[in-house]
Amino acid sequence: MTEQSAFDKRHIQEIPHSAGSGLLEHLNLPPVVIRFVKRNQKNLQIGAVVVSVVVIGLVSYSSYRSNRIQKASAALAFAMQAVEPERHKALVGVAAEFSGTPSAHWASAEIAHELMKEGKFKEAAAQYGMVRKSINAADPLYALLTFGLAQANEAAGLFDAAILEYKALQKIDGYAGEGFTGLARIYEFQGKGKEALAVYEEYVATFTGQNQKDPAKIAVDEKIIRLKAMQ
């Protein structure tokens, strides 16, 4: 006798078509929710597909950006270790190829430092300013760029622009001293002894407690004594 297959149609119990329609009811969903789902089944399916595509896109972009940032970091490290003229070319390459990444910003800042060393102060100021415009004030590089911009403008004789940057530095933690001394130095150079004295005195007032013995304060105290003697 021929053995019947386990998949013989006679051994398969047909599932009633209505069984699937009761799935929502088995989930104990409120009737109003069940009716809404049934009425908008197609739209909900389309919505689910759209959400899936967006999520996959975001994950893919995040992975791409993370990989790009790692490559940029490696390229910057290589550029920093190179010697001239390869170093400059490598920095320019990092800034161009990985535009928008932290490494590209640092590479651009290094190019500005190079211009300063070459005595190209106006070009350096323009480079510092360009990089700073591409980042926000919360970026750790922002303060360094502001300091570089102040020094470049001062060295170029653009004192009004330098004064604005030094005043901005006075409000940045870790750079207040450079802001006060830079501003006072410009006033002294311009022969504005009273203005320089006022800046130095304002700076000294920021030292409190144990900071009274800070070498920076002692140096400023000496400048105050000198300026007062000249009044």
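In this text the structure is predicted, and so the values were computed from the model without any measurement.
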Thr101 side chain vs Phe98 backbone, donor-acceptor pair below 3.5 Å: yes
Expected output: side-chain Asn136 to main-chain Asp139 donor-acceptor under 3.5 Å: yes
In terms of side-chain geometry, is the basic nitrogen of [X] or [Y] positioned less than 4.0 Å from the acidic oxygen of its partner?
{"X": "Arg87", "Y": "Glu114", "result": "yes"}
{"X": "Glu97", "Y": "Lys71", "result": "no"}
{"X": "Lys217", "Y": "Glu222", "result": "no"}

Reported [atom1]-to-[atom2] distance for the pair [X] and [Y], which is rounded to 0.5 angstrom:
{"X": "Leu141", "Y": "Ile135", "atom1": "CG", "atom2": "CD1", "answer": "4.5 Å"}
{"X": "Tyr187", "Y": "Lys194", "atom1": "OH", "atom2": "NZ", "answer": "14.5 Å"}
{"X": "His105", "Y": "Leu76", "atom1": "NE2", "atom2": "CG", "answer": "12.0 Å"}
{"X": "Ile111", "Y": "Met116", "atom1": "CD1", "atom2": "CE", "answer": "15.0 Å"}
{"X": "Glu195", "Y": "Gln190", "atom1": "CD", "atom2": "CD", "answer": "8.5 Å"}
{"X": "Lys192", "Y": "Leu227", "atom1": "NZ", "atom2": "CG", "answer": "14.5 Å"}

For the residue pair [X] and [Y], what are the closest heavy atoms and their distance?
{"X": "Gly177", "Y": "Tyr203", "value": "CA-OH, 3.4 Å"}
{"X": "Ala79", "Y": "Val94", "value": "CB-CG2, 4.4 Å"}
{"X": "Tyr200", "Y": "Ala184", "value": "CZ-CB, 3.3 Å"}
{"X": "Ala112", "Y": "Ala124", "value": "O-CB, 3.7 Å"}
{"X": "Ala95", "Y": "Ala107", "value": "N-CB, 4.2 Å"}

Ring centers of Tyr166, Phe180 separated by less than 6.0 Å: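 No, too far apart.
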Distance flag, aromatic centroids of Tyr128 and His113, threshold under 6.0 Å: yes
Trace of the side chain to side chain contact (heavy atoms under 4.5 Å, CB included) decision for Arg226 with Met230: CA-CA 7 Å; Arg226 175 175 56 80; Met230 295 173 61; 4.1 Å; yes
Look at the side-chain heavy atoms of Ile, Leu, Val, Met, Phe, Trp and Tyr, link any pair under 4.5 Å apart, and say whether [X] and [Y] land in one connected group.
{"X": "Met130", "Y": "Leu144", "result": "yes"}
{"X": "Ile69", "Y": "Val131", "result": "no"}
{"X": "Leu164", "Y": "Leu169", "result": "no"}
{"X": "Leu91", "Y": "Phe78", "result": "no"}
{"X": "Val220", "Y": "Leu183", "result": "yes"}

Salt bridge (charged side-chain N to carboxylate O under 4.0 Å, His left out) assessment of Glu188 paired with Lys223: CA-CA 11 Å; Glu188 283 195 78; Lys223 292 179 180 179; 5.6 Å; no
Side chain to side chain contact (heavy atoms under 4.5 Å, CB included) between Asn153 and Leu149, worked out: CA-CA 6 Å; Asn153 282 322; Leu149 189 53; 3.8 Å; yes
Worked verdict on Thr146 versus Tyr175 for side chain to side chain contact (heavy atoms under 4.5 Å, CB included): CA-CA 10 Å; Thr146 301; Tyr175 286 85; over 6 Å; no
Chi angles and distances behind the salt bridge (charged side-chain N to carboxylate O under 4.0 Å, His left out) call for Glu165, Arg132: CA-CA 12 Å; Glu165 301 303 334; Arg132 193 175 66 173; 2.8 Å; yes
Full working for side chain to side chain contact (heavy atoms under 4.5 Å, CB included) between Phe147 and Ile172: CA-CA 10 Å; Phe147 183 40; Ile172 300 177; over 6 Å; no
Note, Gln170 side chain near Glu178 side chain (heavy atom, < 4.5 Å): no
